[in-house]
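Note that the structure is a prediction, hence the values are computed from the model and not measured. The first residue in the sequence is number 1, and the count goes up from there.
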Amino acid sequence: MNNTKIKDIVLKSESELKERFAEIEINEEKRTKQILDVFRKEGVSYRHFSGTSGYGYDDVGRDTLERVYAGAFHTEAALMRPHISSGTSALSLTLFGLTKPGERILSATGTPYDTLLGVLGVGRQEYAGSLKEMGVGFDCAELKDGKIDTDTVDRMIGDSTSLVIAQRSRGYAWRPSLQPEAFQDLADMIHKKHPGVRLMVDNCYGEFVCADEPSDYGADLLVGSLIKNPGGGLAPTGGYIAGKKDDIERIAGRLTAPGLGREIGSYEASYRPFYQGLFMAPHTVAQALKTALLTARVFELLGYETTPPALEPRADIIQAIKMKSPERLVSFCQGLQAASPVDSLAEPEPWDMPGYDDPVVMAAGTFVAGASIELSADGPIRPPYTAYMQGGLTYAHGKTALVEALNRMNARNCLFIDK
């Protein structure tokens with residue numbers, strides 16, 4: 001196939017997606033207005049951008065930003081700190097903050113994402129300081145036909161279960177991501193039949209994709225990373241936890257110290273990227289969604305299996321493509337890297353990344369290191385060699401990079417797949 005034919009397929013796909021793109025733009029407008037309303041309610045001004053040093057007492061920028069995050073996710077309170085280093089870090093902080101020795105955690109969405117297994121102490125390798133080492137147990141309820149099996153979760157909740165966790169995105173699994181309303185029945189069951197048990201949703205990659213959030217359907221806590229959706233491509237680091245005030249206070253005590261909680265924690269650099277990133281998030285997420293849809297449709301026309309398919313509703317920004325060979329997976333990632341604004345000369349190769357059970361190839365030519373709201377792709381080197389692509393600060397870049405990746409695969413004679 002020549003490069004002109006590849007461009008024709010991309011243009012055909014783009015034409016078929018016009019209605020879906022329009023729907024994405026409608027949601028972008030709605031979510032932008034919601035965030036604008038929160039900014040105005042909290043009276044955000046230039047003084048809130050200034051950093052602080054030392055203990056960080058009375059840090060008005062930090063405290064206002066946390067109220068803005070609580071408003072954006074429709075919760076009582078939020079903990080939003082640059083000191084939270086990743087999504088896994090935010091999840092770990094939440095799990096340690098809300099469980100005690102002798103209690104158990106139950107996953108309602110099957111095996112969690114690879115990096116969380118080390119936190120729980122249930123992966124192939126046990127790490128010092130895991131929840132298991134601290135005497136916290138773990139149980140797992142599998143999805144049923146891609147949906148939460150509420151009846152099974154109900155049966156598995158025991159006297160020692162204190163926390164039910166659920167992962168909204170697919171992670172490295174070939175399954176649908178979950179819409180916010182998918183948590184309604186689970187939350188209703190937990191609150192009615194098991195008072196005292198909390199429901200925490202790993203919201204990574206899902207923020208602002210839909211009209212609502214899982215907190216609108218009963219989730220007690222939402223957890224995510226600021227170098228994913230809510231950072232809007234501008235936040236340089238950080239994570240957030242949003243939920244009930246009492247729970248946030250307990251978790252904050254784990255972050256700083258019991259009795260100090262959210263009252264301390266300075267950040268000498270400006271808070272402006274965090275405010276501006278959140279304001280930009282619905283727009284940036286819309287750009288990433290358009291990129292994902294185009295990628296899905298192009299690969300469908302080439303005979304690949306994708307999830308979600310291009311025309312199906314979406315719950316996160318991740319696009320999975322079943323490559324069926326390590327050569328296709330690596331070539332795709334290398335093509336995206338070559339079309340990146342940063343480190344375009346790098347050639348990503350599979351390597352043993354900390355926290356993963358298999359070698360992983362990762363393309364991430366991003367302005368913020370590892371930011372997956374920027375265009376990136378990765379995948380574990382294990383059958384069926386699925387590529388997980390996410391992000392895109394602009395649709396124009398996403399489209400350009402997709403063509404580059406297809407050309408790279410074509411040049412290496414691995415673009416076409418045996419059906």
**Request:** Applying side chain to side chain donor-acceptor pair (under 3.5 Å), run through Tyr271 and Asp59 and close with a yes or a no.
**Result:** CA-CA 11 Å; Tyr271 287 111; Asp59 186 336; 2.6 Å; yes

**Asked** Yes or no on side chain to side chain contact (heavy atoms under 4.5 Å, CB included) for Leu120 and Leu95, after CA distance, side-chain angles and deciding distance?
**Response** CA-CA 9 Å; Leu120 293 163; Leu95 299 186; 4.0 Å; yes

**Prompt:** Would Ser13 and Ile9 count as a side chain to side chain contact (heavy atoms under 4.5 Å, CB included) if you check the C-alpha gap in whole Å, the side-chain angles of each, and the deciding distance to 0.1 Å?
**Reply:** CA-CA 6 Å; Ser13 300; Ile9 293 175; 4.3 Å; yes

Can you find a pair of side-chain heavy atoms, one from [X] and one from [Y], that are under 4.5 Å apart?
{"X": "Pro82", "Y": "Tyr267", "value": "yes"}
{"X": "Pro282", "Y": "Gln34", "value": "no"}
{"X": "Arg262", "Y": "Leu79", "value": "yes"}
{"X": "Leu65", "Y": "Val44", "value": "no"}
{"X": "Met200", "Y": "Leu91", "value": "yes"}
{"X": "Leu375", "Y": "Met389", "value": "yes"}
{"X": "Leu255", "Y": "Phe96", "value": "no"}
{"X": "Ile381", "Y": "Leu329", "value": "yes"}

Less than 3.5 Å apart, any donor N or O on the side chain of [X] or [Y] sitting next to an acceptor on the other?
{"X": "His74", "Y": "Asp212", "result": "no"}
{"X": "Ser177", "Y": "Arg170", "result": "yes"}
{"X": "Tyr205", "Y": "Gln167", "result": "no"}
{"X": "Arg328", "Y": "Ser331", "result": "no"}
{"X": "Thr306", "Y": "Glu300", "result": "yes"}
{"X": "Thr150", "Y": "Asp185", "result": "no"}
{"X": "Asp188", "Y": "Tyr217", "result": "no"}
{"X": "Gln334", "Y": "Glu349", "result": "yes"}
{"X": "Glu213", "Y": "Asn203", "result": "yes"}
{"X": "Glu374", "Y": "Thr366", "result": "no"}
{"X": "Asn27", "Y": "Glu23", "result": "no"}
{"X": "Thr52", "Y": "Ser266", "result": "no"}
{"X": "Gln179", "Y": "Arg314", "result": "no"}
{"X": "Asp378", "Y": "Gln390", "result": "yes"}

Heavy-atom pair of closest approach, residues [X] and [Y]:
{"X": "Gly146", "Y": "Leu178", "result": "O-CD2, 3.8 Å"}
{"X": "Cys204", "Y": "Ser225", "result": "SG-N, 3.9 Å"}
{"X": "Thr152", "Y": "Ala141", "result": "CG2-CB, 4.2 Å"}
{"X": "Ser169", "Y": "Asp316", "result": "CB-OD2, 3.1 Å"}
{"X": "Phe183", "Y": "Ala166", "result": "CE2-CB, 3.6 Å"}

From [atom1] ([X]) to [atom2] ([Y]), nearest 0.5 Å:
{"X": "Ile251", "Y": "Leu98", "atom1": "CD1", "atom2": "CG", "answer": "4.0 Å"}
{"X": "Leu186", "Y": "Lys147", "atom1": "CG", "atom2": "NZ", "answer": "14.5 Å"}
{"X": "Ser160", "Y": "Arg104", "atom1": "OG", "atom2": "CZ", "answer": "6.0 Å"}

Are [X] and [Y] close enough for a salt bridge, meaning some N to O gap below 4.0 Å?
{"X": "Arg31", "Y": "Glu25", "value": "no"}
{"X": "Asp37", "Y": "Lys33", "value": "yes"}
{"X": "Arg297", "Y": "Glu14", "value": "no"}
{"X": "Glu76", "Y": "Lys244", "value": "no"}
{"X": "Asp247", "Y": "Arg198", "value": "yes"}

**Request:** Please report the C-alpha distance between Lys132 and Glu126 in whole Å, then the side-chain angles of each, then the deciding distance to 0.1 Å, and finally whether the salt bridge (Lys or Arg N to Asp or Glu O under 4.0 Å) criterion is met.
**Result:** CA-CA 9 Å; Lys132 180 181 179 181; Glu126 291 193 18; 3.0 Å; yes

**Item:** Qualifying residues under ring pair (Phe, Tyr, Trp, His ring centres under 6.0 Å), relative to Tyr69, sequence neighbours excluded
**Value:**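 Here the qualifying residues are Tyr240.
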
**Request:** Could I get the full list of side-chain contact (heavy atoms from CB on, under 4.5 Å) partners for Thr284, not counting sequence neighbours?
**Result:**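 Applying side-chain contact (heavy atoms from CB on, under 4.5 Å) to Thr284 gives Met280, Ile373, Leu393.
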
**Item:** Which residues share a side-chain contact (heavy atoms from CB on, under 4.5 Å) with Val342, sequence neighbours left out
**Value:**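 side-chain contact (heavy atoms from CB on, under 4.5 Å) check on Val342 returns Phe367.
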
**Asked** Relative to the ring of Tyr275, is the ring of His48 parallel (under 30°), tilted (30 to 60°) or perpendicular (over 60°)?
**Response**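 The arrangement is tilted - the two ring planes meet at 30° to 60°.
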
**Message:** For Glu28 and Phe208: C-alpha separation, side-chain torsions, deciding distance, then whether side chain to side chain contact (heavy atoms under 4.5 Å, CB included) applies.
**Reply:** CA-CA 8 Å; Glu28 173 193 346; Phe208 309 115; over 6 Å; no

**Asked** Is a side-chain N or O of Ser344 found less than 3.5 angstrom from the main chain of Ala339, in a donor-acceptor match?
**Response**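 Answer holds: no.
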
**Message:** Check for me whether the distance between the ring centres of Phe332 and Tyr304 falls short of 6.0 Å.
**Reply:**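 That pair fails the under 6.0 Å test.
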
**Prompt:** Do the two ring centres, one from Phe274 and one from Phe279, sit under 6.0 Å apart?
**Reply:**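 No.
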
**Request:** Test side chain to side chain contact (heavy atoms under 4.5 Å, CB included) on Asp139 and Ile105 and set out the steps.
**Result:** CA-CA 6 Å; Asp139 301 299; Ile105 295 168; over 6 Å; no

**Prompt:** Are more than 12 heavy atoms from other residues, nucleotides or ligands located less than 6.0 Å from atom CD of Glu29?
**Reply:**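 No, not enclosed.
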
**Message:** Using the rule given for salt bridge (Lys or Arg N to Asp or Glu O under 4.0 Å), can you reason through Arg168 versus Asp202, listing the C-alpha separation, both sets of side-chain angles and the distance that settles it, and then say yes or no?
**Reply:** CA-CA 6 Å; Arg168 183 173 174 183; Asp202 175 355; over 6 Å; no

